[in-house]
Amino acid sequence: MAFKGFAAAAFTLATLASAKPLNKRVSCGDGNTASSQVCCKLFPLVELIQSDLFDGGECGEEVHESLRLTFHDAIGFSPTQGGGGADGSIIKFADTETAFHANGGIDDIVDVQTKFMADNNVTISPGDFIQLAGAVGVSNCAGAPRIPFFFGRPEPKAAAPDGLLPEPFDSVDKILARFSDAGFSPAEVVALLASHSVAAADTVDPTIPGTPFDSTPDLFDSQFFIEVQMKGTLFPGTGDNEGEVKSPALGEIRIQSDHDIARDSRTACEWQSFVDNHDKLMKAFSDAMLKMSILGHDIADLTDCSDVIPVPAKLPSSAGPHLLPATSMDDIEAACSDTPFPTLTALPGPATSIPPVAAS
């Protein structure tokens with residue numbers, strides 16, 4: 001599908017204004033209201049996703065993997081190399097795309113979602129389902145923004161080309177160039193990495209599947225941005241894995257690309273800006289996720305069905321930017337030359353050992 005609807009590096013509010021407007025409310029007959037009648041059929045599907053796919057609304061492994069799938073499907077787009085973007089090709093052409101090296105481990109959630117769609121006679125396109133499940137899943141994580149969801153993606157026509165997905169061991173130059181090709185600025189790349197706040201790694205170190213990237217994998221907060229900026233002291237499993245560098249705590253994994261982006265002059269200040277500004281973090285992530293979710297589509301051809309996405313809970317009062325126990329500001333490897341790293345205090349207690357997230 002042609003890349004339509006916004007210029008490669010200029011996705012603005014004007015683009016959203018071209019979408020089908022939320023100017024009227026319709027009753028769906030089940031107590032819900034929506035901006036369009038076509039959205040009404042999604043409310044029962046959302047309830048089913050919550051009960052059967054996400055174990056009653058948890059921010060757990062299936063949420064982590066479903067969020068990962070939104071990216072792995074959508075980033076398969078390039079105006080120069082082809083690919084349909086957020087079109088569901090990773091499900092329809094799973095035999096091809098799950099074999100790509102960069103898609104290692106993604107076959108599990110592809111199989112789960114494919115079976116879910118078949119067992120429940122889901123009639124929406126796989127592109128719509130992947131993005132819907134991702135937005136619903138994020139809503140289960142306290143502190144997350146409510147991700148907009150646009151509906152109406154057509155069936156995918158072909159598999160995405162190999163080589164369009166960044167790898168954990170890629171250089172910052174290569175990662176930023178790949179994202180730029182797909183229309184994303186360095187700041188938007190950093191915003192998308194907020195997904196690692198509620199994520200875990202299964203294949204970087206296969207001896208410890210389900211290991212999170214920060215100490216609060218069930219909260220959408222800034223701890224990921226803080227803890228990646230801390231000195232690495234150990235490997236939580238085995239060492240010398242491609243794409244892995246030392247992390248600051250047992251039970252927490254750090255990938256090379258996150259470490260490098262946090263310390264690169266093009267991205268370090270944006271990275272640091274999220275540490276103590278949760279409102280900015282939520283908005284930047286929501287905007288970047290919306291942009292990613294419509295790659296390959298003209299937003300004017302889609303219907304805004306954001307009403308069907310649950311409203312996430314706020315962060316608990318006990319949450320807040322902090323250092324890991326038994327650490328200090330001396331453990332921060334500040335990299336932004338414009339402003340000092342925010343002063344944080346450590347949680348009380350001994351050195352942190354973070355229990356790994358159970359892999360599905």
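Bear in mind the structure is a predicted one, so any value in this text is a computation, not a measurement. These numbers come from the heavy atoms of this one structure, side chains and all, not from hydrogens, waters or symmetry mates. We number each residue from 1, following the sequence as shown.
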Check: Taking the side chain from Ser89 and the backbone from Ala159, do they hold a donor-acceptor pair closer than 3.5 Å?
Finding: no

Margin query: Can a side-chain donor-acceptor contact be found between Gln113 and Ser66 if the only test is distance below 3.5 angstrom?
Written below: yes

Checklist line | Check: Ile91 main-chain N/O paired with Glu97 side-chain donor or acceptor under 3.5 Å | finding: no

Notebook entry, point to check: Leu323 and Leu344: which non-hydrogen atoms are nearest, and at how many Å?
Noted result: CD1-O, 3.7 Å

Next item on the list: Return the set of residues passing ring pair (Phe, Tyr, Trp, His ring centres under 6.0 Å) with Phe213 (not counting sequence neighbours), or none when no residue passes.
Entry: His196

Item checked: Considering all heavy atoms, the nearest Ser35-Val26 contact -> C-CG2, 4.5 Å

Notebook entry, point to check: For Asp30, which residues count as a side chain to side chain donor-acceptor pair (under 3.5 Å) partner, sequence neighbours excluded?
Noted result: Asn32

Check: Under the ring pair (Phe, Tyr, Trp, His ring centres under 6.0 Å) rule, what pairs show up with a residue in residues 79-108, not counting sequence neighbours?
Finding: none

Notebook entry, point to check: Would a line drawn from the ring center of Phe129 to the ring center of Phe116 be shorter than 6.0 Å?
Noted result: yes

Note to self: For residues 247-256, which residue pairs pass the side chain to side chain donor-acceptor pair (under 3.5 Å) check, not counting sequence neighbours?
What the structure shows: none

Item checked: Nearest heavy atoms of Phe151 and Cys305, plus distance in Å -> CB-SG, 3.7 Å

Item checked: Closest non-hydrogen atom pair, Gly104 against Arg68 -> O-NH2, 2.9 Å

Check: Residues in ring pair (Phe, Tyr, Trp, His ring centres under 6.0 Å) with Phe220, at least two apart?
Finding: Phe285

Item checked: Cluster overlap Val110 with Val112, hydrophobic side-chain contacts below 4.5 Å -> yes

Item checked: CG-CD1 distance between Leu45 and Ile124, expressed to the nearest 0.5 angstrom -> 5.0 Å

Checklist line | Student check: side-chain heavy atoms of Lys231 and Pro248 closer than 4.5 Å | finding: no

Note to self: Listing request: all ring pair (Phe, Tyr, Trp, His ring centres under 6.0 Å) pairs with a residue in residues 303-347, at least two apart in sequence or in separate chains.
What the structure shows: none

Margin query: Hydrophobic cluster membership, with links at side-chain heavy-atom distances under 4.5 Å among I/L/V/M/F/W/Y: are Ile226 and Ile255 in one?
Written below: yes

Check: Counting only heavy atoms not in Asp119, do more than 12 sit closer than 6.0 Å to its CG atom?
Finding: yes

Check: Are any non-hydrogen side-chain atoms of Gln81 and Leu164 less than 4.5 angstrom apart?
Finding: yes

Next item on the list: Indicate whether any N or O donor in one side chain lies under 3.5 Å from an N or O acceptor in the other, for Ser78 and Asp181.
Entry: yes

Check: Does some side-chain heavy atom of Pro156 sit less than 4.5 Å from a side-chain heavy atom of Pro126?
Finding: yes

Check: Any donor-acceptor pair under 3.5 Å linking the side chain of Trp271 with the backbone of Val190?
Finding: no

Checklist line | Main-chain N/O of Ile261 paired to Thr267 side chain as donor or acceptor, under 3.5 Å | finding: yes

Next item on the list: Any pair with a residue in residues 330-343 that passes side chain to side chain donor-acceptor pair (under 3.5 Å), sequence neighbours left out, goes on the list, sorted by first then second residue, please.
Entry: Arg263-Glu333, Gln272-Thr339

Next item on the list: Taking the side chain as every heavy atom from C-beta outward, state whether Pro148 and Ser286 have any pair of such atoms under 4.5 Å apart.
Entry: yes

Next item on the list: With sequence neighbours excluded, tell me which residues meet side chain to side chain donor-acceptor pair (under 3.5 Å) with Thr238.
Entry: Asp205, Asn241

Notebook entry, point to check: Do you reckon Phe149 sits in the same ILVMFWY cluster as Met289, going by side-chain contacts under 4.5 Å, direct or chained?
Noted result: no

Notebook entry, point to check: Are side-chain N/O atoms of Asp221 and Thr216 paired as donor and acceptor at under 3.5 Å?
Noted result: yes

Next item on the list: Test Thr211 against Asp202 for side-chain contact (heavy atoms from CB on, under 4.5 Å), laying out the working first.
Entry: CA-CA 7 Å; Thr211 301; Asp202 286 333; over 6 Å; no

Notebook entry, point to check: Checking side chain to side chain donor-acceptor pair (under 3.5 Å) for the pair Ser125/Arg153: CA distance, chi angles, key distance, verdict?
Noted result: CA-CA 7 Å; Ser125 72; Arg153 295 165 186 78; over 6 Å; no

Note to self: Hydrophobic clusters here meaning ILVMFWY residues chained together by side-chain heavy-atom distances under 4.5 Å, can you tell me if Ile106 and Val204 are in one?
What the structure shows: no

Check: From Asp87 CG over to Ile130 CD1, what is the distance, rounded to the nearest 0.5 angstrom?
Finding: 8.0 Å

Note to self: Treating Ser171 as the side-chain partner and Lys174 as the backbone partner, does any N or O pair qualify as donor plus acceptor under 3.5 Å?
What the structure shows: yes

Check: Does any pair with a residue in residues 130-144 pass side chain to side chain donor-acceptor pair (under 3.5 Å), and if so which ones, sequence neighbours excluded?
Finding: Gln50-Asn140

Next item on the list: Please check if the side chain of Ser293 supplies one atom and the backbone of Leu290 the other of a donor-acceptor pair under 3.5 Å.
Entry: yes

Next item on the list: For Asn103 and Thr98, indicate whether the former's side chain and the latter's backbone hold a donor-acceptor pair under 3.5 Å.
Entry: no

Notebook entry, point to check: NZ/Lys92 to OG1/Thr114 distance, rounded to the nearest 0.5 angstrom?
Noted result: 12.5 Å

Item checked: Note: Asp307-Arg25 ion pair, threshold 4.0 Å (strictly below) -> yes

Item checked: Nearest heavy-atom neighbours spanning Ala194 and Leu281 -> CB-CD1, 3.6 Å

Margin query: Taking Val46 as the starting point, is it possible to reach Val122 by hopping between hydrophobic residues whose side chains are less than 4.5 Å apart?
Written below: yes

Checklist line | side chain to side chain donor-acceptor pair (under 3.5 Å) involving Arg146 - partner list, sequence neighbours excluded | finding: none

Margin query: When you measure from the side chain of Asp260 to the backbone of Val172, do you find a donor-acceptor pair of N or O atoms at a distance under 3.5 Å?
Written below: no

Note to self: Within the 4.5 Å heavy-atom criterion, are Phe169 and Glu244 side-chain neighbours or not?
What the structure shows: no

Notebook entry, point to check: Looking at Pro166 and Ala102, what are the two nearest heavy atoms and their distance?
Noted result: O-CB, 4.5 Å

Without placing hydrogens or testing angles, list every side-chain donor-acceptor pair under 3.5 Å for residues 51-59, not counting sequence neighbours.
unit_1: Ser51; atom_1: OG; unit_2: Glu47; atom_2: O; d: 3.2
unit_1: Ser51; atom_1: OG; unit_2: Leu48; atom_2: O; d: 3.2

Next item on the list: Could you tell me whether the side chain of Leu324 reaches within less than 4.5 Å of the side chain of Ser215, counting heavy atoms only?
Entry: yes

Check: So, the side chain of Ser185 versus the backbone of Glu188: is there a donor-acceptor pair under 3.5 Å, distance only?
Finding: yes

Item checked: Check against side-chain contact (heavy atoms from CB on, under 4.5 Å), Val198 and Leu219 -> CA-CA 6 Å; Val198 288; Leu219 298 178; 5.8 Å; no

Check: Can you find a pair of side-chain heavy atoms, one from Val228 and one from Phe224, that are under 4.5 Å apart?
Finding: yes

Next item on the list: Verify, without hydrogens or angle tests, whether Lys246 (side chain) and Ile253 (backbone) share a donor-acceptor contact under 3.5 angstrom.
Entry: no

Item checked: Sulfur-sulfur distance Cys28/Cys39 under 2.5 Å -> no

Margin query: In the structure I gave you, are the side-chain heavy atoms of Ile75 and Met292 within less than 4.5 Å of one another anywhere?
Written below: no

Note to self: Could you work out, with side chain to side chain donor-acceptor pair (under 3.5 Å) as the rule, every residue matching Ser273, not counting sequence neighbours?
What the structure shows: Lys280

